[in-house]
Amino acid sequence: MKLLKYLSVLAAAALALFAAGACAEPDDEFLHTDNRILSIEIQPAGGGTGIAGVIDETTGEIFFPIPKASREKYDITRLMVRAEVEYDTFINPSLTGLKDLSDRDNPFTVTVTAGNGKYRTYTLWAFYTRR
């Protein structure tokens, strides 16, 4: 009987040691450091074909040249903006809703914050091309 009790205590101790070793600390969570807008486009207020933005990473400007032939379709004071960023990156203010991208002197400005907390600012504006 003593042997059985001794073996069960020994088995419980071995199980406890095994379980403690299996509960190792998790690896640090991976956070993206990329605070760039990967791609961006505008669409007319009613939806439709998008126009890709030209991103200048040096100045932080993003502009949308709208062809003259599309002038009636695109009102640059009422545009939908869609952007692609990394999965743990956020854009503030949100791009939801219609945006006025007509005033180059007072452009629509967004801040893009990466998962690690680093951020960058972009200014967005649209214009009609001559052709």
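Heavy atoms only: backbone and side chains are in, while hydrogens, waters and symmetry mates are out.
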Is there a donor-acceptor pair closer than 3.5 Å between any side-chain N or O of [X] and the backbone N or O of [Y]?
| X | Y | value |
| --- | --- | --- |
| Glu84 | Leu38 | no |
| Lys118 | Gly115 | no |
| Thr121 | Thr111 | no |
| Asn116 | Leu31 | no |

Ignoring hydrogens, what is the shortest heavy-atom contact between [X] and [Y]? Give both atom names and the distance.
| X | Y | result |
| --- | --- | --- |
| His32 | Tyr87 | CE1-CE2, 2.8 Å |
| Thr89 | Asp34 | OG1-O, 3.4 Å |
| Pro65 | Pro67 | O-CD, 3.6 Å |
| Ala83 | Leu95 | CB-CD1, 3.6 Å |

Are [Y] and [X] linked, directly or through intermediate hydrophobic residues, by side-chain heavy-atom contacts shorter than 4.5 Å (ILVMFWY only)?
| X | Y | answer |
| --- | --- | --- |
| Phe108 | Trp125 | no |
| Ile62 | Ile91 | yes |
| Tyr128 | Val81 | yes |

ask   = Salt-bridged, Glu57 to Arg120, with N to O below 4.0 Å?
value =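 A salt bridge is present here (some side-chain N lies under 4.0 Å from a carboxylate O).
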
ask   = Can you tell which of Arg78, Lys73, Met80 makes a side-chain contact (heavy atoms from CB on, under 4.5 Å) with Pro44?
value = Lys73

message = Please identify which of these residues, Val110, Ile51, Val85, Ile55, meets the side-chain contact (heavy atoms from CB on, under 4.5 Å) condition with Ile40.
response = Ile55

inquiry  = Please evaluate residues Val54 and Phe64 with respect to the criterion side-chain contact (heavy atoms from CB on, under 4.5 Å), reporting the C-alpha separation (whole Å), side-chain torsions for both, the decisive distance (0.1 Å), and the verdict.
reply    = CA-CA 6 Å; Val54 178; Phe64 302 92; over 6 Å; no

ask   = Which of parallel (below 30°), tilted (30 to 60°) and perpendicular (above 60°) describes Phe127 and Phe63?
value = tilted

If you measure from [atom1] on [X] to [atom2] on [Y], what distance do you get to the nearest 0.5 Å?
| X | Y | atom1 | atom2 | result |
| --- | --- | --- | --- | --- |
| Tyr74 | Gln43 | OH | CD | 7.0 Å |
| Asp100 | Thr77 | CG | OG1 | 5.5 Å |
| Ile76 | Arg71 | CD1 | CZ | 8.5 Å |

task = Decide if atom OH of Tyr119 counts as having more than 12 heavy atoms of other residues, nucleotides or ligands within a radius under 6.0 Å.
result =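 Counting other residues, nucleotides and ligands, OH of Tyr119 stays at 12 neighbours or fewer.
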
message = Is there a side-chain contact (heavy atoms from CB on, under 4.5 Å) between Ile66 and Ile42? Walk through the geometry before answering.
response = CA-CA 10 Å; Ile66 301 170; Ile42 55 170; 4.0 Å; yes

request  = Go through the steps to decide whether Glu61 and Thr123 satisfy the test side chain to side chain donor-acceptor pair (under 3.5 Å), and finish with yes or no.
outcome  = CA-CA 5 Å; Glu61 282 188 308; Thr123 56; 4.6 Å; no

